[in-house]
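Computed from a predicted model, the values in this text were never measured in an experiment. By convention in this document, chain letters (A, B, ...) are assigned in the order of the sequence lines, proteins followed by strands, and residues within each chain are numbered from 1.
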Number of protein chains: 2
Amino acid sequence: MNKENNLSKNQQIVFDIIEKSREPVKAYSILFNVKKKGIKAPPQVYRALEKLIKLGKIHKVESKNAFVACKSSNCEISKATAFSICETCEKVTEISDKKLSKYLKNFHDKTGMIYKKYNLEFYGLCTTCKRS
Amino acid sequence: MNKENNLSKNQQIVFDIIEKSREPVKAYSILFNVKKKGIKAPPQVYRALEKLIKLGKIHKVESKNAFVACKSSNCEISKATAFSICETCEKVTEISDKKLSKYLKNFHDKTGMIYKKYNLEFYGLCTTCKRS
DNA sequence: TTTCAAATGTTATATTATTACATACTGTTA
DNA sequence: TAACAGTATGTAATAATATAACATTTGAAA
């Protein structure tokens, strides 16, 4: 364990890759990038990813099978995620909107189900792609 | 093409499987089930799925890599999906809530991005699993 | 210093999805 | 009706994503 932040060696290596990236990173892209650091096999990456998600340090963008560092509530355990995804340039941005998260956290359906977590992915055209 | 509903042979076969199922169906489970009907290879299934999604007849539950028939706005093209997923029994239900969909359709983030589509997946405990 | 949970290393394999290319069907319109 | 365009199909191969299973090591705390 790394004392400062509670991450183990592999977890830190994987997290660093994701954090530095400006876009969602795929598991096998991570794997490729950490071969030089001694991580050789998929389970090592997937285990680190799983732990990082549990810790709220990263999120999985489900519709892209890719991972991003949590920007909105850094280092807190986050079970509420929202992303905007540009269908043209593929840019993914985490949305942190108090009203939206409040609305969704308080949402109840008719059945009385208890929601502990949600993931919302918007698709559309980002402002850059809109212009062109 | 099947005149009644615009689906081709393979599309109809795949749709029937999904429609009859009470739970989300995975692509390879579909493939296995339609081998007897002459569909033998993944691309045949994936192509049908793709078309059915375009038509709004089915949705993909992204976090499960599985497909469900659209119950809420039958046969209309649907770009706005919301599901509730029980973490215990894995039951997936499509949420059709006018207020929720209105809220999300009208949602704008700070960047001015135009949203054309969204997918929302809630996780939690269904009423049955809550009791036990 | 034993002990236990967490983390790691490794091989193999399962699961999900796409590429690429050849062929056939369907409806339109010249 | 012949030609065309668009859509759908069949097929083989392979790419991409993810997990199972098992042995071993590490780290913190009792």
key: Pairs touching residues 111-123 of chain A that satisfy salt bridge (Lys or Arg N to Asp or Glu O under 4.0 Å), sequence neighbours left out   =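 The answer is A/K116-B/E87, A/K117-B/E87.
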Calculate the interatomic distance between [X] atom [atom1] and [N] atom [atom2]; express it in whole Å.
{"X": "B/E62", "N": "D/dA18", "atom1": "CD", "atom2": "P", "value": "12 Å"}
{"X": "B/L31", "N": "D/dG10", "atom1": "CG", "atom2": "P", "value": "12 Å"}
{"X": "B/Q12", "N": "D/dT9", "atom1": "CD", "atom2": "P", "value": "11 Å"}
{"X": "A/E50", "N": "C/dA7", "atom1": "CD", "atom2": "P", "value": "10 Å"}
{"X": "B/N6", "N": "C/dG27", "atom1": "CG", "atom2": "C1'", "value": "12 Å"}
{"X": "B/K54", "N": "D/dT7", "atom1": "NZ", "atom2": "C1'", "value": "11 Å"}

ask   = Relative to each other, are the rings of B/F122 and A/Y118 parallel, tilted or perpendicular (30° and 60° limits)?
value =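 Plane angle over 60°, so perpendicular.
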inquiry  = I need a per-nucleotide contact map over nucleotides 8-18 of chain C, read 5' to 3'. Cutoff is protein heavy atoms under 4.0 Å; write B for the base, S for backbone only, - otherwise.
reply    = BBBB----BBB
ask   = Between atom SG of B/C129 and atom CD1 of A/I114, what is the distance when rounded to the nearest 0.5 Å?
value =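 Answer for the SG-CD1 pair, B/C129 versus A/I114, is 11.0 Å.
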message = Between B/K64 and B/E90 (salt bridge meaning N to carboxylate O under 4.0 Å), is one present in this structure?
response =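 Between B/E90 and B/K64 there is a salt bridge, with a charged N closer than 4.0 Å to a carboxylate O.
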task = Kindly check if the number of other-residue, nucleotide or ligand heavy atoms within 6.0 Å of NZ (B/K102) is above 12?
result =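 It does not: B/K102 NZ has 12 such atoms or fewer within range.
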Test side chain to side chain contact (heavy atoms under 4.5 Å, CB included) applied to B/V45 and B/I39, step by step = CA-CA 8 Å; B/V45 172; B/I39 295 180; 4.0 Å; yes
